[in-house]
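In what follows, a structure is listed as structure tokens, so that the remarks can point back to it.
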Amino acid sequence: MKKFLTLTFLLSLFATHSQDSILIKSKVANAIGELREFVAIPNDALNADDIDSNLFWLRKKFTERGFNSTILETEGLPLFFAALPMDDNKPTILFYMHLDGQSVDAKKWDQPDPYKVVLKSKSDDGWKTESFSELDDDINYDWRLFGRSTSDDKGPIVMFLNAIDALKKDGIDIPYNVKVILDSEEEKSSAPLPQAVRTYKDLLKADFLVINDGPVHVSGKPTIVYGCRGITTLSITSHGPIKPQHSGHYGNYAPNPGFQLAQLLATMKDADGKVLIKGYYDGITLDDATLEILKSVPDNIEEINKNLAIANPEKVGSFYQESLQYPSLNIRGLGSGWIGDQARTILPATATAELDLRLVPETDGNRLKKLVKEHIKNQGYHILDTEPTMDVRLKYDKIVTIKEGTVTDAFRTDLNNPFGNNIVKTMENKFGEKLVQIRIMGGTVPISPFINELKIPAFIIPMANPDNNQHSANENLKIRQIAYGIKTFYTLLSSKL
């Protein structure tokens, strides 16, 4: 039997004197319709034509809400910028979201087309497809919308637009200047963003930045995040014989690059997962007040371990939130020879490890990459940035080629920042419960250029459900989160922080 939320409960979601006038059903229903329309426009960041089509849609929708908008050219794909008419007597909020999405492998989705939103309900047997006409009479807030970028990040954009509609309908004079910047290359590291922020610095000027990307805490509670880790990458290739060799003829004679690489990687971490590279954790201290905030996050360690299917976590931190305060060293991929049905009796020519290094504000990405390379050199390896020549092969016993990725810096706003304190107070008053306050999240949002160039504090206020499958097949957005997102934007834009 379908369980629909009562009108009384729905109204409680918006229980303030100004918000009582919001037609909840129509706002959520309108948002669902717009999201279906928006998702239907493919947005693969690797396809420039996709991005152009999305920019056209955005310009139309923001203009309808009274925004002045423009396309900002960059060294890569353009950014979308919009602003309501400015008042010099008001402080300015800059909102950041992104319009691009991860590529899709349609064969892995449980629907014919990931760009055509499908409505589903959860049952004991799994997910059941529902007709959108079922929403005409009432809205089940536990049902979900499945499609690429429903949660990451088209959903929050649509929530924002519908909150603007609600504010106008209620005659609210927004006590801020409102600016919006939408990234079109977030899913491929936003390489053009630092230069673009420098170029458009005056246009983007604001008092503080709000990022609406990612999911709320796994508890489902309203969440504010004060920072995110940065990221950089290293690709390490060890070299054996110049081409694959018969393992019978040359096994026990030609050095095996797979074993060499495995031995090298094993020197980088201990059995508890702590990085052994000298100086990797330098500069990080956690005082009692910070530890208290970290411990206040309602993580269920037993549930986390169960979901990961692990007996015990690594020991970089004594609990989950503490572990995120340190830079990580992760093997994100390993490759050598052939495996599975393709396996053959050869001695491989190369072995490659792809590493990612998650950064915190105390750790510079270029410095960490340098430490890793120094460590490799100290293990007796000759380091190159190109394929080894014959002369080099015949001279050195152990050779690696290292390719470096770009650095996206971490950021973290002080927990006592007055804008942050006011956001917390305002949202707790509206939602009637304590916010989950996360000092720094594990993932990376390319926000550091705004902090570095504009010199403003930044806060992540996520909107999506924690189990939204972002970046993966069957990405989804719970309808309840649409109501939550509209209410959150409404709250932020109707209250003087």
Side-chain angles (χ1 to χ4, degrees), residues 228-239 255-288 290-291 294-295 297 299 301-336 350-383 397-405 407 410 412 439-444:
C228 68
R229 294 199 289 186
I231 189 170
T232 190
T233 60
L234 288 170
S235 178
I236 304 172
T237 299
S238 58
H239 299 276
N256 187 303
F259 276 108
Q260 283 192 341
L261 184 60
Q263 291 160 359
L264 173 61
L265 294 172
T267 68
M268 296 183 184
K269 276 190 169 185
D270 67 15
D272 288 328
K274 295 180 180 178
V275 175
L276 297 172
I277 297 169
K278 187 177 180 181
Y280 204 82
Y281 297 134
D282 283 359
I284 300 169
T285 58
L286 301 173
D287 59 23
D288 290 342
T290 299
L291 286 170
L294 297 178
K295 290 176 180 178
V297 179
D299 293 327
I301 300 305
E302 290 75 17
E303 192 68 24
I304 292 174
N305 292 352
K306 181 179 178 182
N307 290 339
L308 295 173
I310 60 172
N312 289 292
E314 294 184 332
K315 303 297 189 295
V316 178
S318 60
F319 56 98
Y320 176 65
Q321 291 299 325
E322 186 182 9
S323 72
L324 300 181
Q325 312 308 306
Y326 295 88
S328 69
L329 181 65
N330 177 56
I331 300 172
R332 59 176 181 161
L334 280 171
S336 185
T350 62
T352 298
E354 299 288 351
L355 308 184
D356 65 54
L357 293 67
R358 295 285 178 172
L359 314 172
V360 295
E362 294 86 352
T363 57
D364 174 76
N366 289 315
R367 174 181 171 273
L368 289 193
K369 287 189 291 186
K370 183 179 179 181
L371 291 179
V372 174
K373 289 192 293 182
E374 287 175 351
H375 176 85
I376 293 171
K377 184 178 179 180
N378 290 337
Q379 306 307 307
Y381 282 85
H382 180 69
I383 298 175
D397 290 334
K398 297 193 289 187
I399 304 167
V400 292
T401 297
I402 297 181
K403 297 180 180 179
E404 300 184 29
V407 175
R412 187 177 62 238
R439 185 177 187 243
I440 194 166
M441 70 179 192
T444 300

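Computation of the quantities below employed the complete heavy-atom set of this structure, encompassing side-chain atoms and omitting hydrogens, waters and symmetry-equivalent molecules.
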Open item on the list: Run Glu302 and Asn305 through side chain to side chain contact (heavy atoms under 4.5 Å, CB included) and show every step you take.
Closed with: CA-CA 5 Å; Glu302 290 75 17; Asn305 292 352; 6.0 Å; no

- [ ] Dump the intermediate steps for side chain to side chain contact (heavy atoms under 4.5 Å, CB included) on Leu368 and Ile277, then the final yes or no.
- [x] CA-CA 9 Å; Leu368 289 193; Ile277 297 169; over 6 Å; no

- [ ] Go through the steps for Thr233 and Arg332 under the test side chain to side chain contact (heavy atoms under 4.5 Å, CB included), then give the verdict.
- [x] CA-CA 10 Å; Thr233 60; Arg332 59 176 181 161; 3.7 Å; yes

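Enclosure of atom CZ in Phe319 by more than 12 non-hydrogen atoms of other residues, nucleotides or ligands within 6.0 angstrom is indicated. Counted within 6.0 Å of CG on Asp287, heavy atoms from surrounding residues, nucleotides or ligands total more than 12; the atom is thus considered enclosed.
Without hydrogens or angle criteria, Thr444 side chain to Arg229 main chain gives a donor-acceptor distance under 3.5 Å. Side-chain atoms of Asn256 come within 3.5 Å of backbone N or O of Gly258 as a donor-acceptor pair. Checking side-chain atoms of Lys315 against main-chain N and O of Pro313 turns up a donor-acceptor pair under 3.5 Å. Looking only at distances, a side-chain donor or acceptor of Lys398 sits under 3.5 Å from a matching main-chain atom of Gln379. Side-chain atoms of Ser328 come within 3.5 Å of backbone N or O of Arg358 as a donor-acceptor pair. When atom types are taken as modelled, the side chain of Thr232 and the backbone of Gly405 share a donor-acceptor pair closer than 3.5 angstrom.
Nearest approach of Pro361 to Ile440, heavy atoms of both residues: CD-CD1, 3.7 Å. Minimum heavy-atom separation, Gln260 to His239: OE1-O, 3.9 Å. The two residues Pro257 and Ala351 come nearest to each other via the heavy atoms O-CB, 3.6 Å. Considering all non-hydrogen atoms of both residues, Ile284 and Pro327 come closest at CD1-CD, 3.4 Å. Scanning both residues, Leu265 and Ala353, for their nearest heavy atoms gives CD1-CB, 3.9 Å. Leu291 and Leu286 make their closest contact through CD1-O, 4.0 Å (heavy atoms, listed as atom of the first residue, atom of the second, distance).
With rounding to the nearest 0.5 angstrom, the OG1 atom of Thr285 is 11.0 Å from the CD atom of Gln325. One distance of note links CG of Asn330 with CG of Leu355; it measures 8.0 Å at 0.5 Å rounding. Annotation: the span from Asp282 atom CG to Glu362 atom CD amounts to 11.5 Å, rounded to 0.5 Å. Rounding to the nearest 0.5 Å places CG of Leu234 at 7.5 Å from NZ of Lys373. Between the CG atom of Leu371 and the CD1 atom of Ile376 there is a distance of 11.0 Å, given to the nearest 0.5 Å. Distance check, rounded to the nearest 0.5 Å: CD1 of Ile399 to OG of Ser238 gives 10.0 Å.
Legend: residues meeting side-chain hydrogen bond (donor to acceptor under 3.5 Å, both in side chains) with Lys269, ordered by chain and number and at least two apart, are absent. Residues passing the side-chain hydrogen bond (donor to acceptor under 3.5 Å, both in side chains) test with Gln321, sequence neighbours excluded: Asp299.
No side-chain heavy atom of Val372 sits less than 4.5 Å from a side-chain heavy atom of Ile402. Considering only heavy atoms from C-beta on, Leu357 stays 4.5 Å or farther from Thr363 through its side chain. You'll find the side chain of Val275 stays beyond 4.5 Å of the side chain of His375, heavy atoms only. In this structure the side chain of Glu303 reaches within 4.5 angstrom of the side chain of Asn307, judged on heavy atoms.
Sorted by first and then second residue, the pairs that involve residues 260-281 and meet ring pair (Phe, Tyr, Trp, His ring centres under 6.0 Å), not counting sequence neighbours, are Tyr281-Tyr326.
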